[in-house]
Amino acid sequence: MSAYRGLNEGGRADWRVLGRLLRFMLPHRWLFSSTVFVLVFSSVLAMSTPWAVKNAIDSGIVPKSMSGLLTWVSVVAILSFVGAITEYVRTRLTILTGQRVIFDVRNRLFRHIHSLPLRYFDKTPVGTLVTRVTSDVEALAEMFSSGVAAICHDLLSLVLIVAILFLINAKLALVSLALLPIVVFFSLWFGRRMRRAFRNVRGRISALNGFQQESFTGVSITRLFGREERMEELFDERNDTLRDAHFETIFNFAFFFPVIEGLSVIARAGMVVLAAQLIAGGTLTWGEFAYFWFAMAFFFKPIRELSERFNILQAALAAAERIFGVLDSEPEIADKESAQNAVSLKGEVEFDNVTFSYTENEPILHEISLRVNAGETVALVGPTGAGKTSIISLLSRLWDVDSGAVRVDGVDIRDYHRRELRSRIAVVMQDVFLFAGTIEDNIRMGNQDLPFEKVKEACETVHAAKFIEKLDGGYQAEVRERGNNLSVGQKQLLAFARALAANPDILILDEATSSIDTETETLIQDALRRLIVGRTAIVIAHRISTIRESDRILCLHKGRVVESGTHEELLAHKGLYARLHQLSYSSPTS
Amino acid sequence: MFARWRLVTRYLPPYRRILVGGVLALILGVGCQVVAPLFMRDAMEAIEVPYRDGMPVVLRAVVISASIGVAISLLAGVLAFIKRFLIVGMSRRVEADLRADLFRHIQRLPMRFFHRTRTGDLMSRATADLDSARMAIGPAIMYLGDSILRFTGVLIVMLSVNAEVTLYALAPLLGIGAGLFFFAPRIHKASRAVQDQLAEISARAQESFAGGRVVKTFATEHREQEQIEKLGSAYVDANIRLARIRGLTTAWVVGMGAAAMVLILWAGGRQVIAGTFDIADLLLFNTYQVMLVWPMMAFGWVLSIVQRGAAGVDRIAEVFERDIETEGDDAGASTGALSLQGLTFAYDEGKPVLHDLTLEIEAGTTLGIVGPTGSGKSTLVSLIPRLFDPPPGTLFCDGVDVLDAPLETLRRSVAMVPQEAFLFSATIRENVAFSDPAMDEDQLQSAVTDAQLASDLADFPKGLDTRVGERGVTLSGGQKQRTALARAIAANAPILILDDSLSAVDTETEAAILRGLRRVREERTVIIVAHRVSALRDADKILYLRNGRIVEQGTHAELVEADGEYARLARTQALEAEIEAMP
């Protein structure tokens, strides 16, 4: 899959991605330019302060001039003050830039994901998609705020410092910077080690957390089977390897900082020794010496951080690649130019010689032809895997046919605007999906034009009003974690209300198989009767009463319509339907 | 205040040597760090010594002092390495120990606890809270010790060199400390807000993608987009607030550090002109000033870590304070006979779910339980393996109160297929053989066969060794239930409980499963909770529960004869079947 392409084992990213990424910055170029400007300004400022100190020494302290000292100390003070303000502006600007860019990226990504075909959703774990719009996008923010900009800042500072030092005294500069290559090399080496160690730790943390999460969720199973001790052993293994993995990072950290510190002390001592000769020889002033002294504190820091910045950049590029992987995935086939509006449909459905497969060469539906007249209720029955679900998915154009055509009111559904077609068709799925929000939100499904009376009316019609009004808050009651606070039957009724509120021309219902108590069952059956009045309904039926009440039954087997007719006709036919029927109603022991 | 830290500090004794070593390295290391710049100063002062004995002598003095300075700095580096490795390493060990105990404790908490606590909440205690507690005992100790020692050491040396310049330098540095006390908690609060906002985006995206099909079919993409954009811009705002505080903090630290430098330059410079200070001292003071910035920042930072750590420890302590399940010790061989004597049970005080149930279930018999949703069927069966504790003297297994039986013995004698089939992310084999990983192949195979799982396995890439869950095959609801059933059959326990556990399998398979269970039924006590009369017809006794009471009991024939609710249910279902069966 393209989402994972281009990232080789070392986690090295393709630098070309950077160019593509910069395009996201275009709309914010002014913000970005001012950030760069502030960064340059702050680099220059950082170099100027020691220069003022140098003058304070050379024109104030050494010639014993109080006025010279006062002047230059004032300059130092002003530069420092401006420097502090610049720091503030810099922090705000860099973060702001990063945030603005990723806000756009996230929105674009989110929109794109929802335009992807269902195929994509089916094979991509939800967690992966969530990671794309959160952690991966986050990594980009890091790059825009502390990656690119900071690297520019650090490099610029380094170049400036080196240039000035050479201008003051080339020989002393050479000695001061002699160890620099070692520091750079060591930093990069350390960065690689650290990255590896961190990756290791992260992997183990997620293994441990995954294990803990699962143990807590499945605690009753562990308990029922008396496996606590085994679980503890498994836990200890993961816990111990995580602890040991931490030691590696601790070792690296403990090692790195003292080494860099040691190198900088050696460089500084070398500088002092040479400076002693130069001052004695009269070719270096005390002020210039002080400038070197201050500057050396400056250039070790950016180098130390350089490796970390590289890290951020690489992580960001890897994240960007994953993001582009999603953005490059083909969205659902666009509507045709000539696509027509589906304002109001009669609801005549026709499958004409439809063949369909999820994976190539494994057709689920074989040359199916069927017709549902406007206003008719048709029950689809058949064993698992017969292709019932595929038929309803094709009708709402979640998938497209391989060959043949699906027509609504005589028009190929590929000639309708997809979203309009879908809004004329309501689907009630077995597993009712409720969103966090209020009951009302879940019935409206985003249709703010619907008056509240209509919402209420829909609920009353399908017998949902009674339990809703009993809830704390009524229609404004919050639906918690996928409706955990509602029973299966209640969720079913809500889904009916939702479908009714959408006032579709075609209703598709995948009837719930799970057992519901008789009282609610009666309500649901009656609600269903009211729901299908005046519209075409296609029901994947599991309940005998539903099947009996439908105008026609289509019996599917292995992707073909094998029988079609009324309940009585099909029973008399003594074919597959009769057998299915017998199975569900005879006692298994008789 | 200190009482709660006992929770963490009790893990320290085994590592006291490490800790002592770390603290020693810390003290010596700071000493070296404080002293080293003095030699650099001496080196610079040697430059100032006027030519008396000619150039080489001066140079030698410079080289000697500088070398000593370097040597001491390198020693400080070695000690810093030892310090960090020992102290932070120790904090990781303590963390691992604490985490292991926490896991063990949670594993043994009563189900009632899990009933009321969300997994996410437990996870955050076991991860984030644990880490904040660790930060408080490891890095916080280290930085605090380091800062106090360094501050004191540097101050003493500076005062001994020049009191006046020291006092000038000190004022802005103390300002850094004071500022951090003010900023650190605010930064923490602002970054928490950022984290929370990100968590909301994540939750919203999770839901939106999980409901991707619904979003498509109702064509409500625009609403999803609006919501994510709203959360997104709130996130930007939260980040900007954080940036403001961070920016202020950085500016404050940088500004105060610079102020200290300016004051040193001014006060020191005047004294150099007056002849009571020299340029080398000036640069020495500058070095010390830089050295003091971090300790000043650390004070504020450590305070914030310790506060967070205390909150983390509190939240962990709450879990430890919960009592684990109680153990009985009246072990007896289990034959599978059960007895209920006036059993009343409530999850919440005053709202009983089961009322005064009295019943004998003989070993080797099959009991069917039927009744409307909410009648207490699942609650009743969950009391048998003590997932929840019944009141004393109400539920007996082989004549022993379940509260008096050792938990392991009790649970080993009950195998249950819960309503929701939970499988671990492991192979199917591991899941089926969960009760005993060393189970022999025959036992495993016959369980798989009885649960009608065998033919599905043939379709899986690696058969029994197929992984389920994340990074593995996704099983259908029916397949999950049958795997859970195989797991329970394989446990070979005297009591087998099916808690409405065939809801997701189709009728054909259900019939096959019930046939397969015949063999099992002959030798075990079986309790079947079901909605369909057909699944219970063969039971030796059937209970009809409503609102937590036994309304009717008897065999299928007896109940039908009694002409009560069960009979009505059976009649409806049978009648339907009969009518439908007619041509």
Side-chain angles (χ1 to χ4, degrees), chain A residues 61 64 69 73 76-77 80 84 87-88 91-92 95 99 103 106-107 110 114 121 126 129-130 133-134 216-218 221 224-226 228 235 239 243 246 250 254 258 261-262 265 269 272-273 276 279 286 293 384 396 419 422-423 427 433 445-446 514-515 517 571-572 583-585 587-589, chain B residues 43 47 62 66 70 73-74 77 80-81 84-85 88-89 92 96 103 107 119 122 202 205-206 209-212 214 217-221 223 228 232 236 239 243 246-247 250-251 254-255 258 262 266 269 272-273 279 372-373 408 411-412 416 422 434-435 503 507 511 514 531 534 538 577 583:
Chain A
I61 296 174
K64 297 193 188 300
L69 180 64
V73 166
V76 174
S80 304
E87 270 307 303
Y88 174 74
T91 312
R92 278 201 68 171
I95 292 181
Q99 288 298 322
F103 178 71
R106 183 186 295 114
N107 291 345
F110 192 83
H114 270 303
F121 282 87
V126 172
L129 294 176
V130 173
V133 298
T134 54
F216 296 157
T217 322
I221 303 299
L224 282 168
F225 289 87
E228 288 93 338
F235 172 83
N239 194 19
R243 183 195 55 205
H246 275 309
I250 296 170
E261 190 62 31
V265 168
V272 169
V273 170
I279 291 175
W286 274 101
W293 181 263
T384 319
S396 45
R419 296 225 352 235
R422 283 182 188 154
S423 67
V427 184
F433 192 94
M445 287 298 285
S514 42
S515 29
D517 63 89
L571 274 189
L583 263 172
S584 43
Y585 284 91
S587 156
T589 48
Chain B
I47 303 175
V62 173
V70 168
S73 291
L74 293 182
F81 169 79
R84 185 177 270 270
F85 191 67
V88 181
R92 288 293 179 191
F103 182 79
Q107 283 264 300
T119 312
L122 273 182
S202 169
Q206 160 96 28
F209 297 150
V214 184
T217 50
F218 280 84
T220 55
E221 289 89 348
R223 185 183 72 133
I228 209 80
V236 173
N239 268 296
R246 278 237 178 97
T250 322
V254 169
V262 169
W266 172 240
V272 175
I273 292 172
I279 295 177
T373 311
E408 196 182 337
R411 289 186 180 149
R412 288 248 152 206
M416 185 153 149
F422 178 87
F434 189 64
S435 58
S503 59
T507 41
L514 287 166
H531 277 271
S534 56
D538 271 3

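Order of the sequence lines sets the chain letters (A, B, ...), proteins ahead of strands, with each chain counted from 1.
- Put simply, CZ on A/Phe110 and CD1 on B/Ile228 are 4.0 Å apart, with the number rounded to the nearest 0.5 Å.
- Between A/Val265 and B/Leu74, every side-chain heavy-atom pair lies at or beyond the 4.5 Å cut-off.
- The contact between A/Arg106 and chain B is made entirely by side chain atoms (from C-beta outward), counting heavy-atom distances below 4.5 Å.
- Between B/Ala243 and A/Ile95, the shortest heavy-atom contact is CB-CD1, 3.6 Å.
- In this structure, A/Ser80 and B/Val262 approach most closely via the heavy-atom pair OG-CG2, 4.2 Å.
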Give the C-alpha distance, both sets of side-chain angles, the deciding distance and a yes or no for side-chain contact (heavy atoms from CB on, under 4.5 Å) between B/Trp266 and A/Leu69.
CA-CA 7 Å; B/Trp266 172 240; A/Leu69 180 64; 4.0 Å; yes

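- Side chains of A/Val133 and B/Phe209 form a contact here, defined as non-hydrogen atoms less than 4.5 Å apart.
- Note on B/Val272, B/Leu122, B/Asn239, B/Val88: by heavy-atom pairs under 4.5 Å with chain A, the leading option is B/Asn239.
- Looking at B/Ser73, the atoms closer than 4.5 Å to chain A (heavy atoms on both sides) all sit in the side chain, from C-beta outward.
- Interface summary for chain B: among A/Gly218, A/Ala269, A/Gly262, the most heavy-atom pairs under 4.5 angstrom belong to A/Gly218.
- Closest of all the heavy-atom pairs between A/Val272 and B/Ala43 is CG1-CB, 4.1 Å.
- Proximity to chain A is limited to the side chain of B/Arg223, based on heavy atoms less than 4.5 angstrom apart.
- Of all the heavy atoms in B/Ala205 and A/Val130, the pair that sits closest is C-CG2, 4.0 Å.
- Each of A/Val73, A/Val427, A/Asn239, A/Val273 has some count of heavy-atom pairs under 4.5 Å with chain B, and the biggest count is that of A/Asn239.
- Taking every heavy atom of both residues into account, B/Val254 and A/Glu87 meet most closely at CG2-CG, 3.9 Å.
- Under the side chain to side chain donor-acceptor pair (under 3.5 Å) criterion, B/Arg412 pairs with no residue, sequence neighbours left out.
- When every heavy atom of A/Arg243 is checked against every heavy atom of B/Ala96, the shortest pair comes out as CD-CB, 3.9 Å.
- Both the backbone and the side chain of A/Glu228 come within less than 4.5 Å of a heavy atom of chain B.
- Residues that satisfy the side chain to side chain donor-acceptor pair (under 3.5 Å) test with B/Arg92, not counting sequence neighbours, are A/His246, B/Glu95.
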